[in-house]
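What follows is a single structure, written as structure tokens, with notes after it.
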Amino acid sequence: MKPEDLRNLLLLAAVEEADEEGELLSPEERREASRTAGAPLPPEPGRAREDAFLAARAALLLERLHLRIPGETWLDPAAPSHPSRHPLVAAGLLLAAAAAGYLSNELGPEKRINILAFPLLGILAWSLLVYLREIWLLLRPRSGTGPAAAWLERFSGGAAATGDDATAARLATARTLF
């Protein structure tokens with residue numbers, strides 16, 4: 001499955017979870033998209049056919065939702081899935097790191113690493129800090145009301161004015177879930 005298809009699938013799952021009542025996408029629209037995408041599937045369709053069905057259904061439903069609420073650009077099924085807006089910078093940094101690693105293969109005249117050296121201790125401390133943060137992120141409750149969610153809401157423009165507070169609340173919940 002392509003990254004764009006995975007993005008659309010996860011985005012649709014968040015929308016459907018936030019819209020259990022079927023006000024953003026009615027149950028009939030969901031059934032119609034399933035039929036259009038190829039439902040019902042045979043008893044053992046195979047992984048590729050299941051993936052194609054799920055991707056087509058997600059694209060159809062997201063397209064309907066995007067046409068209905070055009071101000072929400074994050075609902076666009078044709079949006080790129082990669083988070084990097086500067087892939088050449090990332091590739092350049094990767095090449096620079098590989099070159100630095102290749103050129104620094106000589107550890108010195110003794111061919112040993114001093115584990116008490118300040119740069120190595122700094123790297124170990126940084127790694128410990130990153131691991132502790134990842135453990136904290138894994139174990140903390142995910143309410144969606146933390147500082148990162150507030151920052152995302154403030155800088156992304158929040159929910160577009162759709163004229164309906166319930167719709168805006170469902171879209172905000174879907175965005176947080178996504």
Side-chain angles (χ1 to χ4, degrees), residues 1-91 94 130-131 133-178:
M1 193 176 275
K2 296 185 294 187
E4 291 80 11
D5 294 337
L6 288 173
R7 176 197 171 274
N8 290 344
L9 191 61
L10 292 173
L11 180 55
L12 180 65
V15 168
E16 287 183 325
E17 187 174 336
D19 184 37
E20 292 176 355
E21 295 82 19
E23 293 190 21
L24 293 175
L25 292 168
S26 69
E28 181 54 41
E29 285 179 310
R30 295 176 192 194
R31 281 190 294 274
E32 179 62 31
S34 294
R35 280 191 295 269
T36 304
L41 293 175
E44 293 184 29
R47 176 76 182 235
R49 185 145 182 211
E50 286 177 355
D51 289 349
F53 167 74
L54 291 172
R57 180 181 182 272
L60 286 168
L61 287 172
L62 287 176
E63 185 64 34
R64 285 183 184 175
L65 194 58
H66 183 63
L67 290 174
R68 189 175 299 144
I69 310 169
E72 297 288 339
T73 57
W74 62 279
L75 289 172
D76 186 6
S81 65
H82 61 82
S84 175
R85 294 184 181 170
H86 307 288
L88 293 178
V89 173
L94 188 75
V130 169
Y131 281 120
R133 181 179 181 273
E134 291 297 320
I135 291 170
W136 177 77
L137 288 174
L138 180 70
L139 298 178
R140 73 178 171 88
R142 297 178 188 189
S143 63
T145 59
W151 181 83
L152 177 67
E153 187 70 23
R154 181 177 30 190
F155 287 109
S156 66
T162 59
D164 186 7
D165 290 337
T167 301
R170 282 185 182 80
L171 287 174
T173 302
R175 187 176 186 135
T176 300
L177 287 172
F178 179 62

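Numbering of residues begins at 1 and proceeds along the displayed sequence.
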Using distance only, find each side-chain donor-acceptor pair of residues 35-46 under 3.5 Å and give its atom names and separation, not counting sequence neighbours.
from: Arg35; atom 1: NH2; to: Glu28; atom 2: OE2; distance (Å): 3.1
from: Arg35; atom 1: NH2; to: Glu32; atom 2: OE1; distance (Å): 3.1
from: Thr36; atom 1: OG1; to: Glu32; atom 2: O; distance (Å): 2.8
from: Thr36; atom 1: OG1; to: Glu32; atom 2: OE2; distance (Å): 3.4

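- The CG atom of Leu60 sits 6.5 Å away from the CZ atom of Arg64 when rounded to the nearest 0.5 Å.
- For Met1 against Leu6, the heavy-atom pair with the smallest separation is SD-CD2, 3.3 Å.
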Side-chain donor-acceptor contacts of residues 11-22 below 3.5 Å, not counting sequence neighbours, with atom names and distances?
from: Glu16; atom 1: OE2; to: Arg57; atom 2: NH1; distance (Å): 3.3
from: Glu16; atom 1: OE2; to: Arg57; atom 2: NH2; distance (Å): 2.9
from: Asp19; atom 1: OD1; to: Gly22; atom 2: N; distance (Å): 3.4
from: Asp19; atom 1: OD1; to: Glu23; atom 2: N; distance (Å): 2.8
from: Asp19; atom 1: OD1; to: Leu24; atom 2: N; distance (Å): 3.2
from: Asp19; atom 1: OD2; to: Glu23; atom 2: N; distance (Å): 3.3
from: Asp19; atom 1: OD2; to: Leu24; atom 2: N; distance (Å): 2.8
from: Asp19; atom 1: OD2; to: Leu25; atom 2: N; distance (Å): 3.0
from: Asp19; atom 1: OD2; to: Arg30; atom 2: NH2; distance (Å): 3.1
from: Glu21; atom 1: OE1; to: Arg170; atom 2: NE; distance (Å): 3.4
from: Glu21; atom 1: OE1; to: Arg170; atom 2: NH2; distance (Å): 3.3

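- The distance from the CZ atom of Arg49 to the CZ atom of Arg47 is 15.5 Å, given to the nearest 0.5 Å.
- With rounding to the nearest 0.5 Å, the separation of CG in Leu75 from CG in Leu67 is 11.0 Å.
- Between Trp74 and Arg175, the closest heavy-atom pair is CD1-NH1, 3.0 Å.
- Side-chain atoms of Asn8 come within 3.5 Å of backbone atoms of Pro77 as a donor-acceptor pair (strictly under, hydrogens ignored).
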